[in-house]
Amino acid sequence: MYVPLDDGKFLCVAQARPTTAPTAHPEDVVGSAVGSEEHPQLRRAMDESRICREEDPRWHLGVPVRRETIPVRLGTQVIAVLSRSTNLAVPRVPSPLEISYLGSAADLCQMIADGTFPAPEPSPDVHTSPRVGDGLIRLDPSGAVVFASPNALSAYHRMGHASDLVGVHLAPLTRSLIGDPFDATEVAQRIRQALDGQTSMRMEAESRRGAAVLFRSLPLRPRGQAAGAIVLCRDVTEVRRRDRALMSKDATIREIHHRVKNNLQTVAALLRLQSRRLSNPEAKEALAESVRRVTSIALVHETLSMSVDERVDLDDVVDKVIPMMSDVAVTETQVSVRREGGFGIVPAEIATPLVMVLTELVQNAFEHAYAPGQRGEVVVHSERTAKWLDVTITDDGKGLPQGFSLERTDRLGLQIVRTLVDSELRGSLSLRRRPRGGTEAVLRVPLRGRR
């Protein structure tokens, strides 16, 4: 496709090569400009608003090429020119399929020159363009089949039609093969609308035998005269079977996450019951920490049970965990927790260890940064790039003790954090004093290479 430039030349803005025949342009011509001396048919098609064909082939890169130009009309204005180049180096006798394709292409090219193709009204399914493997059925103005490609015959055979299609009126035949009455009527109506010159969107229907087929109808009206229609059909039975299998698998995975969440909540409830029966403060504190860890994991599984792609909105999980942490802190200190920035969507494989690390670090600040009854604030700040997730947890407490080492600490929570960061998150963690007092935990998790 060429568009005119102010200097009289034409700029190539798009190029498509044949998939079943040798190309006439092995080089990429998009972005190059040509003048009237190199391609005079471009100017002729632009000025005369008609299809221009060369009588004699020209030689291009040692290959004989026949060129044809089609003006692209928008309303009454020609805005671009299509150039079709045919490689004549390999002579061959065209098959009936090729003859039918070329005839249909000639009608569509004339409709482009007329300004009637593509349809002026926007189509909501423009991203589902026809494919080379689609079956093609050519209908005459009465709706009878004059040609059907092998892929089209295969699609209709799978729908339940055992004989040939040539000579058969397609709309009533298709209606009889489709199982759902509404879909059957709709597909037949769209085929008839194409014969009447109306464009239609694609539609998927399932036959009585369970075959799923996509249909698309295109009217053929070169120079405003009815020439029948083209019906494109695509057998998508196996694709739909895989889609249903994936949906079933996804539903099963979500159900598993839901049951795991329920089981973890049951474990947490049992631990709370056990804690109430204990009198030893250290034992009660250990069980309370276990309840918190189990609850954090349960929140991740709860989110995964509502996800369709095994990905977690970590902001939502953290916003549920933070109030839980604040409730624990209120009983001993007057410390609040605040989140800054966004974690975004993360894969399920890192969601659980990441939430565990965050809760352990926040809990560590509650337990060791503040004296009983002391006021303070813990801030969870996150920054995300395409490659990294950087999380900083800061407090305004008394800071790290002298000689503190993350590698040599005997605190269970920090040992869990170090293990998760190294083995599960493959990230890095450092704890350091803040210049104005308090402690800062810096966590960096790689995101590149994650699903």
Side-chain angles (χ1 to χ4, degrees), residues 16-24 51 53-55 57 63-68 70 82-114 117-118 129-174 176-177 187-188 190-192 194-195 197 200 202 207 211 213-223 225-237:
R17 294 184 174 92
T19 57
T20 58
T23 180
I51 297 176
R53 296 180 174 90
E54 289 182 338
E55 297 297 333
V63 176
V65 174
R66 176 174 287 122
R67 295 187 296 196
E68 176 184 6
I70 302 102
L82 288 176
S83 177
R84 294 174 62 190
S85 301
T86 304
N87 188 337
L88 303 178
V90 186
R92 56 196 174 102
V93 178
S95 64
L97 182 145
E98 185 175 353
I99 292 173
S100 180
Y101 274 44
L102 290 174
S104 300
D107 289 341
L108 290 175
C109 287
Q110 184 59 54
M111 293 171 63
I112 292 175
D114 298 338
F117 183 82
S129 58
R131 299 179 182 176
V132 175
D134 288 353
L136 181 141
I137 302 175
R138 176 69 186 260
L139 305 180
D140 64 15
S142 68
V145 178
V146 295
F147 174 81
S149 71
N151 285 354
L153 288 173
S154 297
Y156 270 80
H157 287 169
R158 194 159 190 176
M159 291 174 66
H161 181 70
S163 57
D164 197 4
L165 288 173
V166 175
V168 177
H169 282 77
L170 191 66
L173 170 65
T174 306
S176 66
L177 296 175
V187 172
R190 294 190 181 190
I191 294 176
R192 295 190 185 98
L195 293 171
S200 64
R202 73 163 191 170
S207 72
V213 179
L214 281 175
F215 294 93
R216 185 195 301 265
S217 302
L218 300 174
L220 293 179
R221 288 189 169 247
R223 297 186 177 87
Q225 299 177 0
I230 293 175
V231 177
L232 301 175
C233 54
R234 184 188 312 165
D235 185 358
V236 293
T237 306

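Position 1 is the first residue of the sequence; numbering continues from there.
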Side-chain heavy-atom pair Phe215, Ile137 within 4.5 angstrom cut-off: no
Any side-chain heavy-atom pair of Val65 and Leu88 under 4.5 Å: no
Nearest non-hydrogen partners of Ala226 and Pro141, listed with the distance: O-CG, 3.9 Å
Atom of Pro219, atom of Ala194 and distance for their closest heavy-atom approach: CB-O, 3.1 Å
Distance-minimising heavy-atom pair for Cys233 and Ala155: SG-CB, 4.2 Å
Smallest separation among heavy atoms of Met111 and Leu220, with atom names: SD-CA, 3.8 Å
Distance, nearest 0.5 Å, that separates CE of Met159 from OG1 of Thr237: 9.0 Å
Any side-chain heavy-atom pair of Asp107 and Ile230 under 4.5 Å: no
Side-chain heavy-atom pair Leu136, Ser100 within 4.5 angstrom cut-off: yes
Any donor-acceptor pair under 3.5 Å from Ser176 side chain to Leu173 backbone: yes
Separation of Arg190 CZ from Leu195 CG (nearest 0.5 Å): 14.5 Å
Between Asn151 and Ser149, a side-chain donor and acceptor under 3.5 Å: no
Gap separating the CG atom of Leu153 from the OG atom of Ser163, nearest 0.5 angstrom: 9.5 Å
Rounded distance [0.5 Å steps], OG in Ser217 versus CZ in Arg202: 13.5 Å
Atom pair CZ/NE2 of Arg192 and His169 - distance to nearest 0.5 Å: 10.5 Å
Side chain to side chain contact (heavy atoms under 4.5 Å, CB included) partners of Val146, counting only residues at least two apart: Arg138, Asp140
From Arg223 atom CZ to Gln110 atom CD, the distance as rounded to the nearest 0.5 Å: 3.5 Å
Val187 vs Val213 side-chain heavy atoms within contact, under 4.5 Å: no
Exercise: identify the closest heavy-atom pair between His161 and His157: O-CD2, 2.7 Å
For Asp134 against Tyr101, the heavy-atom pair lying closest together: O-OH, 4.1 Å
Thr23 side chain reached by Asn87 side chain, heavy atoms, under 4.5 Å: no
